[in-house]
2 protein chains.
Amino acid sequence: MASTADRRPAVARPGLTRERIVEAAAAVADREGLHGVSMRRVGRELGVEAMSLYHHVAGKDALLDALGDWLMVQVERPSADAGWRVGIRARCVSLRAVMREHPWGPAIVESRRAPGMALLGHLESVLDCLHRGGFPVQLAAHAFSVLDAYVYGFVLTEQSLPFEPGGDVDDLAAEMALPADVFPRMAAFVEQVIVGRSYDYGDEFAYGLDLVLDGLDARLAAASPDSR
Amino acid sequence: MASTADRRPAVARPGLTRERIVEAAAAVADREGLHGVSMRRVGRELGVEAMSLYHHVAGKDALLDALGDWLMVQVERPSADAGWRVGIRARCVSLRAVMREHPWGPAIVESRRAPGMALLGHLESVLDCLHRGGFPVQLAAHAFSVLDAYVYGFVLTEQSLPFEPGGDVDDLAAEMALPADVFPRMAAFVEQVIVGRSYDYGDEFAYGLDLVLDGLDARLAAASPDSR
DNA sequence: ACCTGAACACCGTTCAAGT
DNA sequence: ACCTGAACACCGTTCAAGT
């Protein structure tokens, strides 16, 4: 059918680049988990030997660093022309959305130590938004800490839930069959907020985020009593 | 010196048990990171071949599950005779302390899906504390979600910080040398809250925790307007 | 019952060799 | 300059064999 030497995909290989390698790694991670991202596996994804990757990427660690950056560029930055609360809220929602789409996100954030350029740029835009909103530097530091802890932590707990986002929660509740005499409060919880209520844990995200934003609002007002 | 066949540690090996295996795994994780926990490595830690472990533990996954449980039993449960806020605050502080002592904690929480008995028991005690404090079930669910997200997230971000808890932050600030024209807000941040101020990121934990607790307090008061 | 050695199919990385 | 094959020191896990 094709010419004789044509054992690779018909599309002419555009040549290996760092970018293509990172994208292939992300694809593998999406499909098989971070666990599945190996130099050999990523190489195979690109129709290339693992060793070829080393010409564009220093090693596996550098590849994972790049993967973290690849993730952060996708997070929406707070727009310059909205109030701090709207801007920050949108970026938190976006951060969570990106992490939800790529469940290996939190793990990679945790394992990386050196912040890449994408992450630094992102931090800058968040700090800038808070600054424009009237946050003194000290309070901005507090705000940044609580907000990021909350968002990352939510994604983390969300992922370690024993049920799938869209899955049938009732089944699980029956399956776990918590003995009501040993775990009375958990049994009550399952019965009253889960079974038959089409409980979506994802809804908790907005509740907690608004709670944190309310708290920051109050601290901001206390810090600058003159503003209206 | 010793008898001829004595090539193992002089202390009579107490025989392999599941408990000893888990403890050895924790020791390896503390010393070399979760990355270093391999069946072979844990076996060596115990002076035993890796394959022997399989007689007490189903496989590496089961070992990691057990490691997660081993962690959770160390977390202080809210005492029955204090107010919800005191009890919950203490358990959050304890949870963070445990995770700080074992930096592989969050990673293991994230990677495990099935909650072990220790985790279930812990959850029960937290829900019970909230219940005694007058939280309606729905609000308790919210509270649980925000609190755990915050604590885990804080530990996570704390660990991915580019500086060590006790390390000299000033050095890092100089080393990163953020160009003030590209990252003006971050430069201001470094200058005003870090350099020469012996900044300890760990202090942010209490600030955010109290902010969240304040928020829950307000929600609780709104939900039950009759109580004092 | 508990432990082991050899084996299998994987890893990341180096290095000399090809084009 | 870019890609490769063989090699090295590792993985988790199976299985037949030892005691």
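The basis for the numbers below is simple: all heavy atoms, side chains too, and nothing from hydrogens, waters or symmetry mates. Lettering of chains follows the sequences in order, A, B, ..., and the numbering in each one begins at 1.
If you take NZ of B:Lys60 and P of C:dC10, they are 17 Å apart, rounded to a whole angstrom. Nucleotide D:dA6 holds its C1' atom 9 Å from the CE atom of A:Met51, rounded to whole Å. If you take CG of B:Leu53 and P of D:dT14, they are 13 Å apart, rounded to a whole angstrom. When rounded to the nearest whole Å, the span between CG of A:Leu16 and P of D:dC3 equals 5 Å. C:dA9 atom C1' lies 12 Å from atom CZ of A:Arg44, rounded to whole Å. Rounded to a whole Å, the CZ atom of B:Arg41 is 15 Å from the C1' atom of D:dA9. The distance between atom CD of A:Glu49 and atom C1' of C:dC15, rounded to the nearest whole Å, is 16 Å. Protein atom CG of B:Leu64 is 9 Å distant from nucleotide atom P of D:dG12, rounded to whole Å.
Ring geometry for B:Tyr150 versus B:Phe205: interplanar angle under 30°, hence parallel rather than tilted (30 to 60°). Aromatic ring orientation, B:Tyr207 versus A:His142: parallel (interplanar angle below 30°, classes split at 30° and 60°). A:Tyr199 and A:Phe189 have perpendicular rings, their planes meeting at more than 60° on a 0 to 90° scale where under 30° would count as parallel. Ring pair A:Tyr201/A:Phe154 is parallel by interplanar angle, where below 30° counts as parallel and above 60° as perpendicular.
The shortest distance between the side-chain N/O atoms of B:Ser38 and the OP1/OP2 oxygens of D:dG12 is below 4.0 Å. Remark: A:Tyr54 is not in phosphate contact with C:dT14, judged by side-chain N or O atoms under 4.0 Å from OP1 or OP2. For the OP1/OP2 pair of C:dC3 and a distance below 4.0 Å, the side-chain nitrogens and oxygens of B:His56 include at least one atom meeting the criterion.
In this structure D:dG5 sits in a base pair with C:dC15, meeting the Watson-Crick or G-U test at under 3.5 Å.
Between A:His55 and A:Ala50, the residue anchored nearer the 5' end of DNA chain C, judged by the nucleotide with its closest heavy atom, is A:Ala50.
Around NE2 of A:His131, the count of heavy atoms belonging to other residues, nucleotides or ligands within 6.0 Å does not exceed 12.
In this structure, A:Ser52 reaches the bases: a heavy-atom distance under 4.0 Å links it to at least one base atom across the strands shown. Note on B:Met39: only backbone sugar-phosphate atoms sit closer than 4.0 angstrom, heavy atoms only; bases stay farther off.
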